[in-house]
Amino acid sequence: MAVHELVELKFRLADGSDIGPSKYNSSATVTSLKENIIAQWPKDLYSADKENGPKSINDIKLINAGRILENNRTLAESRLPLSEVPGGVITMLVVVRPPLPDKSSGEHSQVSEKLPEERAHSKALFVVVIPTEICQLLQLQFLQLATNKFSSSPPPEIFNISSLTLIVLTQNDLTGSLPTHICARLPFLESLLLGGNRAIPDSISICSQLQELDLGVNQFTGLIPLSLGTLNLPENNLSSTSDLSFITSLTNCTSLINLGFNNNPLGGILPSSVGNLSPRLQQLNAYGCGLKGSIPAEMGNLSDLISLALDDNRLVGSIPRTLNRLVNLQALDLAFNNITDEACDLQSLSLLSFSASQLHGAIPECLQNVTSLRKLYLESNFLNSTVPSGLWRMKDLLELDLSSNSFTGSLPPEVGGLAAAIKINVSMNRLSGSIPSAIGDLQNLQSLSLVRNRLEGLIPDSFGRITGLVTLDLSGNNLSGSVPKALEALKHLQSFNVSFNALSGEIPNGGPFLNFTIESFKGNEALCGNPRFGVPASHVVKKSKKVQFALFIVAGVVVFATIMCLGFIFLGCARRKVEANDAIVSAILAPEK
């Protein structure tokens with residue numbers, strides 16, 4: 001395929017509908033195709049609010065000619081079989097990984113209750129059992145039967161279809177066990193996705209081509225079998241020996257790309273053998289497992305690692321310097337641990353999270369040199385001093401959370417340098433001074449929280465220029481003046497809070513203010529406006545002011561008249577006195593007769 005050749009593609013979804021066709025340059029990567037699919041995902045597929053739709057490229061598999069396409073390859077490198085359809089449209093199958101519960105939501109127990117409602121949206125709803133007739137499709141390469149109501153065990157004959165490379169049975173009600181050696185007759189199997197069921201294979205250690213096994217959101221208990229090959233076991237109740245020996249058993253899985261055993265009560269210490277895992281490993285999810293000890297230095301051997309999530313454990317110490325060798329690492333999540341270090345040498349990072357990690361002192365200034373950063377989370381620590389000025393100039397940063405620390409100083413005009421930012425949270429610090437008008441330069445901003453600082457002065461009119469603003473919270477400061485009428489132009493503003501400040505004047509009543517309540521304005525005694533805001537009505541205040549002005553005029557007239565009267569009296573008395581004196585003088589000077 002020529003490097004700049006145009007390729008016409010369409011993407012077949014689970015309900016039989018298509019995205020496309022559209023033309024793509026053969027130099028386009030599989031990652032860019034997946035991003036395009038997510039952007040065009042139909043709103044009415046499975047659910048109107050897209051809850052079951054893909055959230056990231058890792059939720060999607062693209063399959064062409066029976067092969068799963070790798071994210072980092074271009075269309076040209078993927079060697080699409082164009083010769084079979086000259087000038088035609090190539091159809092790719094889109095397989096979506098079922099969504100897992102939010103790891104921070106604590107709603108795992110509700111998953112099984114939500115499944116029936118979610119399944120009600122499915123456009124292909126089967127009942128009870130998988131039809132055995134499928135087993136007659138001896139050339140079948142991928143089997144996608146997710147999000148239905150299959151129960152019991154799947155027909156064992158399915159695992160005799162030696163051509164299968166992908167099996168997706170997620171979010172059903174499957175129970176029982178799969179055949180002991182399911183890969184004995186599936187030599188080409190690359191992905192086995194069984195999340196949201198109640199079945200687990202006894203052994204898959206002979207699946208030589210397996211790249212991904214997803215058994216998440218099931219009801220498994222007990223020890224993790226040492227015979228497992230590649231696996232994804234989130235949201236279960238699995239345990240392991242204290243040395244996490246199952247990790248050592250995975251070191252022979254040289255095709256392993258994704259490994260996830262998050263949200264299982266494993267405990268124990270990450271063994272040094274983690275550095276001997278597959279050199280192709282790109283994603284490692286081990287959050288919420290109660291892991292102890294430090295991060296092994298051998299972790300730096302995983303040269304292809306893109307995402308490392310070790311948050312919500314009990315890890316201590318510092319980040320091993322060997323991690324500097326992970327030149328492809330884009331996401332590092334160490335939140336809710338006790339890691340006392342920075343990650344300035346990881347120059348490819350897109351996401352860095354040290355939330356609630358017991359960090360002290362100042363933000364390392366070297367972080368501003370990690371120009372690849374798109375999301376930085378440092379909230380709920382013990383950081384103090386001022387925010388490095390260079391941090392406000394990170395023009396490609398999308399999300400910044402510095403909340404719940406002890407930062408001092410002011411919001412400088414340089415804050416306008418966060419040109420790409422969509423979310424900024426610096427609430428619950430000790431920032432003082434005024435809000436700079438440069439805040440209005442953040443044209444992409446959707447959420448801003450400055451809650452509970454020591455800010456004063458006026459609310460800038462420039463907020464009215466941030467047309468995409470959805471959430472604005474300025475509560476708990478000492479802001480004065482009025483609520484700018486310019487904010488009526490923010491048609492997307494859904495949440496607005498200026499409570500507990502020192503604001504005065506009339507509250508705007510147009511645009512988004514039609515939907516706000518008393519909660520947005522309480523604690524400002526001098527505000528007035530629509531009574532539904534819990535403030536005095538504007539006309540009452542205006543009438544009171546008119547009365548006061550009239551009384552002032554009347555009082556002025558009375559005082560002026562009094563002064564004039566006193567002046568006339570004084571002049572009259574003075575004139576009579578002069579006349580009397582003149583009469584006396586005339587009498588004295590008159591000649592005697």
I'd like to know if the side chain of [X] reaches the main chain of [Y], judged simply by a donor and an acceptor atom lying under 3.5 Å from each other, with no hydrogens or angles considered.
{"X": "Asn381", "Y": "Ser357", "result": "yes"}
{"X": "Thr165", "Y": "Gln141", "result": "yes"}
{"X": "Ser380", "Y": "Ser355", "result": "no"}
{"X": "Asn258", "Y": "Gly260", "result": "no"}
{"X": "Asn405", "Y": "Phe407", "result": "no"}
{"X": "Thr322", "Y": "Ala297", "result": "yes"}
{"X": "Asn313", "Y": "Ala286", "result": "yes"}
{"X": "Ser372", "Y": "Leu349", "result": "yes"}

- Message: For Ser348 and Gln330, which I'm curious about, is there any donor-acceptor pair between the side chains at under 3.5 Å?
- Response: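 On atom types as modelled, these side chains do not qualify, holding no pair under 3.5 Å.
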- Task: Could you walk me through whether Arg325 and Leu302 pass the side-chain contact (heavy atoms from CB on, under 4.5 Å) test, one step at a time?
- Result: CA-CA 9 Å; Arg325 301 200 297 260; Leu302 304 176; over 6 Å; no
For [X] and [Y], which heavy atoms make the closest approach, and how far apart are they?
{"X": "Leu281", "Y": "Ile257", "answer": "CD1-O, 3.3 Å"}
{"X": "Pro271", "Y": "Pro296", "answer": "O-CG, 3.8 Å"}
{"X": "Ser32", "Y": "Thr29", "answer": "OG-O, 2.6 Å"}
{"X": "Ser163", "Y": "Gln139", "answer": "OG-C, 3.1 Å"}

- Test log, rule side-chain contact (heavy atoms from CB on, under 4.5 Å), inputs Leu346 and Val370: CA-CA 7 Å; Leu346 298 170; Val370 187; over 6 Å; no
- Could you go through the side-chain contact (heavy atoms from CB on, under 4.5 Å) check for Leu137 and Leu143 one step at a time? CA-CA 10 Å; Leu137 305 174; Leu143 179 62; over 6 Å; no
Find out whether [X] and [Y] are in side-chain contact, i.e. whether some heavy atom of one side chain is under 4.5 Å from a heavy atom of the other.
{"X": "Met394", "Y": "Leu373", "value": "yes"}
{"X": "Val387", "Y": "Asn429", "value": "no"}
{"X": "Leu326", "Y": "Leu332", "value": "no"}
{"X": "Phe11", "Y": "Ile60", "value": "no"}
{"X": "Val94", "Y": "Ile19", "value": "no"}

- Would you check, one step at a time, whether the test side-chain contact (heavy atoms from CB on, under 4.5 Å) holds for Asp396 with Arg374? CA-CA 6 Å; Asp396 296 318; Arg374 298 296 180 269; 3.4 Å; yes
- Query: Which word best sums up how the rings of His360 and Phe382 line up, parallel for under 30°, tilted for 30 to 60°, or perpendicular for over 60°?
  - Reply: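 Taking Phe382 first and then His360, their aromatic rings lie parallel (interplane angle under 30°).
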